[in-house]
Participant: 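Sharing a structure, written as structure tokens. Questions coming.
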Amino acid sequence: MADEGGLDELRRLGARSVPVVSRGDRFVFAQVIRDVVEFLGLDESTGPALSPAELHDRYDDILATAIRLVSQVPDDRLERQLPKRPRSYRVLMHHIFQIPTAYLDMEEHGGTLVYASLVVPPSTEMRTSAAIADFGVAVRARLNAWWTRVANEDFGRAVPTYFGETSRHEMFERTVWHSAQHTRQIASLLEQAGIAPERPLGPEDIRGLPLTDKIWDDA
């Protein structure tokens, strides 16, 4: 977060990660739309619009797109910092695939999804776009292998996370749109570098996910 005032406000509230929605001295992590709606007292229906099977199919396509776009990023740009963000291109690219890694670790080993698992940095050996794309290929294969095992399971049960308890279905949705948003950012970075993104995500690819047309926030 580039806004020092915003960072001070997060510290005052006791929030350790973003995004959050606050009212006075109360706040809620804005990781699940249902929690925000309840916190604000809005009369809106919530819950994933896509079924777990649809989310899986969408995620497979999103990760394939991310692998393709990551492969296009020139290696000499990997250590550049993102605009107004203390994060390099390399870390952002890796993060797209670390998100499903953290989710699958929770699914396969149990326990609570902790924030630290989402922001594990790339290894020192992962210094090229090709190396990060290879990581993405392995994660995508892991996702598909996991899905063949769980396709008929119940996704309504509760799972513990760093932002509170949510349903397995909602956590899967959050994982999908989180990677999708960062994949759109990679396409934006390519365009800024004068490189035409190869088949980036379009409106149909994010249809049914809680995303807007906004690719970068104002933080």
Side-chain angles (χ1 to χ4, degrees), residues 1-2 16-18 31 55-56 58-150 159 161-163 171-172 174-201 205 215-217 219:
M1 177 179 287
R16 296 188 177 184
S17 66
V18 292
Q31 306 283 0
L55 286 170
H56 165 260
R58 193 69 62 83
Y59 210 9
D60 184 51
D61 290 340
I62 288 166
L63 292 180
T65 300
I67 292 164
R68 186 166 60 248
L69 297 181
V70 161
S71 299
Q72 287 187 265
V73 179
D75 288 342
D76 61 6
R77 288 181 173 264
L78 296 193
E79 298 306 327
R80 292 194 181 193
Q81 294 294 297
L82 302 177
K84 299 181 180 180
R85 289 165 179 78
R87 176 182 276 180
S88 68
Y89 285 36
R90 173 172 167 261
V91 169
L92 175 64
M93 291 156 59
H94 174 269
H95 183 53
I96 293 172
F97 307 117
Q98 183 59 35
I99 294 163
T101 296
Y103 176 76
L104 292 170
D105 284 348
M106 179 191 71
E107 277 282 316
E108 295 171 353
H109 306 304
T112 300
L113 177 71
V114 297
Y115 180 73
S117 66
L118 295 171
V119 293
V120 172
S123 65
T124 55
E125 294 80 13
M126 215 174 289
R127 289 285 176 186
T128 66
S129 295
I132 299 173
D134 286 344
F135 174 50
V137 170
V139 171
R140 184 185 176 206
R142 183 183 174 191
L143 172 81
N144 289 326
W146 163 79
W147 181 251
T148 62
R149 299 192 301 270
V150 306
V159 293
T161 77
Y162 65 94
F163 54 85
M171 192 62 236
F172 191 23
R174 167 162 175 75
T175 303
V176 174
W177 71 249
H178 194 172
S179 288
Q181 181 66 354
H182 290 314
T183 298
R184 296 199 297 170
Q185 291 172 348
I186 296 299
S188 173
L189 292 174
L190 287 169
E191 289 172 346
Q192 292 173 33
I195 301 170
E198 184 183 348
R199 304 195 309 282
L201 298 178
D205 298 303
I215 296 176
W216 299 99
D217 60 33

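The figures that follow rest on heavy atoms only: side chains count, while hydrogens, waters and symmetry mates do not.
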Participant: Should the ring pair Phe172 and Trp146 be called parallel, tilted or perpendicular, given that the plane angle runs from 0 to 90° and is split at 30 and 60?
Facilitator: perpendicular
Participant: Quiz question: by atom type and distance under 3.5 Å, do the side chains of Thr65 and Arg68 form a donor-acceptor pair?
Facilitator: yes
Participant: Do Leu143 and His56 touch side chain to side chain, with heavy atoms closer than 4.5 Å?
Facilitator: yes
Participant: Do you know which two heavy atoms are closest between Ser123 and Arg90, and how far apart they sit?
Facilitator: O-NH2, 2.8 Å
Participant: Nearest 0.5 Å please: distance from the CD1 atom of Ile215 over to the OG1 atom of Thr183.
Facilitator: 11.0 Å
Participant: Evaluate the criterion salt bridge (charged side-chain N to carboxylate O under 4.0 Å, His left out) for residue pair Asp60 and Arg140; output intermediate values, then yes/no.
Facilitator: CA-CA 7 Å; Asp60 184 51; Arg140 184 185 176 206; 2.7 Å; yes
Participant: Would you name the heavy atoms of Leu201 and Ala180 that are closest together and state the gap between them?
Facilitator: CD1-O, 3.7 Å
Participant: For Asp75 and Ser129, which heavy atoms make the closest approach, and how far apart are they?
Facilitator: OD1-N, 2.9 Å
Participant: Between His94 and His182 (judged by ring centroids, cut-off 6.0 Å), do the two rings come close enough to count as a pair?
Facilitator: no
Participant: If I take atom OG1 from residue Thr112 and atom OH from residue Tyr162, how far apart are they, to the nearest 0.5 angstrom?
Facilitator: 12.5 Å
Participant: Should Leu189 and Trp216 count as side-chain neighbours, where that means a heavy-atom distance under 4.5 Å?
Facilitator: yes
Participant: Where is the tightest heavy-atom contact between Val91 and Pro122, given as atom of each residue plus distance?
Facilitator: CG2-CD, 4.1 Å
Participant: Using side-chain heavy atoms (C-beta onward) and a distance below 4.5 Å, is Leu113 in contact with Tyr103?
Facilitator: no
Participant: Please find the pair of heavy atoms, one from Ser117 and one from Val120, that lie closest to each other, and give the distance.
Facilitator: O-CG2, 3.6 Å
Participant: How long is the straight-line distance from CZ of Arg174 back to CE of Met171, given to the nearest 0.5 Å?
Facilitator: 6.0 Å
Participant: Ignoring hydrogens, what is the shortest heavy-atom contact between Ala66 and Ile96? Give both atom names and the distance.
Facilitator: CB-CG2, 3.8 Å
Participant: With distance as the sole test, does Gln72 use its side chain to make a donor-acceptor pair with the main-chain N or O of Leu190 at under 3.5 Å?
Facilitator: no
Participant: Is Arg149 salt-bridged to Glu107, cutoff N-O under 4.0 Å?
Facilitator: no
Participant: Drop me the distance from His178's NE2 to Tyr59's OH, to the nearest 0.5 angstrom.
Facilitator: 8.5 Å
Participant: Does the side chain of Pro74 come within less than 4.5 Å of Ile195's, by heavy atoms?
Facilitator: yes
Participant: Would you compute the distance between atom CD of Gln192 and atom CZ of Arg77 and round it to the nearest 0.5 angstrom?
Facilitator: 9.0 Å
Participant: With a 4.5 Å heavy-atom cut-off, do Leu69 and Arg184 have their side chains touching?
Facilitator: no
Participant: Does the side chain of Met93 reach to within under 4.5 Å of the side chain of Leu78, using non-hydrogen atoms?
Facilitator: yes
Participant: Looking at CD1 of Ile67 and CD1 of Ile186, how far apart are the two atoms once the value is rounded to the nearest 0.5 Å?
Facilitator: 13.0 Å
